[in-house]
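Predicted model, so just to flag it, every value in this text is computed and none were measured. Note on naming: letters A, B, ... go to the chains in the order of the sequence lines (proteins, then strands), and numbering restarts at 1 for each one.
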Amino acid sequence: MEQVRAVVASIPPGSVLSYGDVAELAGLRSARLVGRILAEDSADLPWHRVVRSTGTVADHLRHRQLELLRAEGVLADGARINMRRYRWGT
DNA sequence: TCTCTGACTGCTT
DNA sequence: AAAGCAGCCAGAG
């Protein structure tokens with residue numbers, strides 16, 4: 001999980017990754033594990049740059065996350081982010 | 001140990 | 001477009 005934190009911390013502003021992407025880059029097989037790790041402690045991480053593979057976000061985070069992303073230039077089309085455009089490394 | 005529960009994902013209805 | 005379903009990992013009771 002140290003890897004997970006390292007990966008998330010390395011996502012540049014204006015870009016996003018899906019939980020699955022982070023899991024893969026960190027050498028894990030489960031996207032859910034990534035979400036669980038962030039849920040425990042994401043205080044010093046740019047957690048808002050991690051979204052679902054579809055570009056949507058969990059309800060309890062939707063408002064705050066989209067707001068933080070908007071501040072970095074990642075504009076959401078309603079409640080969904082344009083992954084084709086903002087996904088990191090593609 | 002077993003069961004339940006998610007900041008998830010891809011596939012099929 | 002929306003809802004169901006089966007894998008997925010680790011912590012809590």
Side-chain angles (χ1 to χ4, degrees):
Chain A
M1 23 189 183
E2 293 302 318
Q3 275 298 340
V4 174
R5 300 174 63 82
V7 171
V8 174
S10 68
I11 304 174
S15 298
V16 301
L17 280 182
S18 70
Y19 291 90
D21 291 335
V22 175
E24 190 170 352
L25 290 175
L28 294 178
R29 308 199 300 269
S30 171
R32 308 194 63 153
L33 180 54
V34 174
R36 207 180 67 70
I37 290 173
L38 293 186
E40 285 180 2
D41 175 33
S42 59
D44 47 348
L45 293 175
W47 58 271
H48 55 278
R49 296 183 193 143
V50 183
V51 302
R52 289 206 271 235
S53 63
T54 53
T56 59
V57 173
D59 273 9
H60 53 284
L61 295 172
R62 196 169 50 66
H63 178 72
R64 157 123 84 191
Q65 182 153 20
L66 293 183
E67 186 173 25
L68 288 169
L69 287 173
R70 178 164 45 102
E72 299 184 340
V74 178
L75 305 184
D77 172 28
R80 167 167 298 196
I81 291 171
N82 188 328
M83 289 301 277
R84 284 195 299 203
R85 178 168 165 178
Y86 298 111
R87 195 175 200 164
W88 188 38
T90 56

Considering all heavy atoms, the nearest [X]-[Y] contact:
| X | Y | value |
| --- | --- | --- |
| A:P12 | A:W88 | CD-CE2, 3.3 Å |
| A:R87 | A:S18 | NH2-OG, 3.5 Å |
| A:V22 | A:V34 | CG1-CG1, 3.9 Å |
| A:A9 | A:P46 | CA-CD, 3.9 Å |
| A:D41 | A:L45 | O-CD1, 4.3 Å |

Spacing of [X] atom [atom1] relative to [N] atom [atom2], expressed in whole Å:
| X | N | atom1 | atom2 | result |
| --- | --- | --- | --- | --- |
| A:R62 | B:dA7 | CZ | P | 15 Å |
| A:L28 | B:dG6 | CG | P | 21 Å |
| A:D59 | B:dA7 | CG | P | 10 Å |
| A:L68 | B:dA7 | CG | C1' | 14 Å |

Ignoring hydrogens and angles, answer whether the base of C:dA10 and the side-chain atoms of A:S30 contain a donor-acceptor pair closer than 3.5 Å.
no

Compare the minimum distances between each of B:dA7, C:dG11, C:dC9 and the side chain of A:E40, then state the nucleotide with the smallest one.
C:dG11

Using the side-chain heavy atoms of A:W47, tell me which of these nucleotides is nearest: C:dC8, B:dA7, C:dA10.
B:dA7

Pairs under 3.5 Å (N/O, protein and nucleotides 8-11 of chain B):
{"unit_1": "B:dC8", "atom_1": "OP1", "unit_2": "A:R52", "atom_2": "NH1", "d": "2.9"}
{"unit_1": "B:dC8", "atom_1": "N4", "unit_2": "A:R32", "atom_2": "NH1", "d": "2.5"}
{"unit_1": "B:dT9", "atom_1": "OP1", "unit_2": "A:G20", "atom_2": "N", "d": "3.4"}
{"unit_1": "B:dT9", "atom_1": "OP1", "unit_2": "A:S53", "atom_2": "N", "d": "3.2"}
{"unit_1": "B:dT9", "atom_1": "OP2", "unit_2": "A:S53", "atom_2": "N", "d": "3.0"}
{"unit_1": "B:dG10", "atom_1": "OP2", "unit_2": "A:S53", "atom_2": "OG", "d": "2.9"}

Under 3.5 Å donor-acceptor pairs involving side-chain atoms of residues 60-68 of chain A, not counting sequence neighbours:
{"unit_1": "A:Q65", "atom_1": "NE2", "unit_2": "A:H48", "atom_2": "O", "d": "2.8"}
{"unit_1": "A:Q65", "atom_1": "NE2", "unit_2": "A:V50", "atom_2": "O", "d": "2.9"}

When we call it a touch if two heavy atoms are under 4.0 Å apart, what does A:R29 touch: a base, just sugar-phosphate, or nothing?
sugar-phosphate

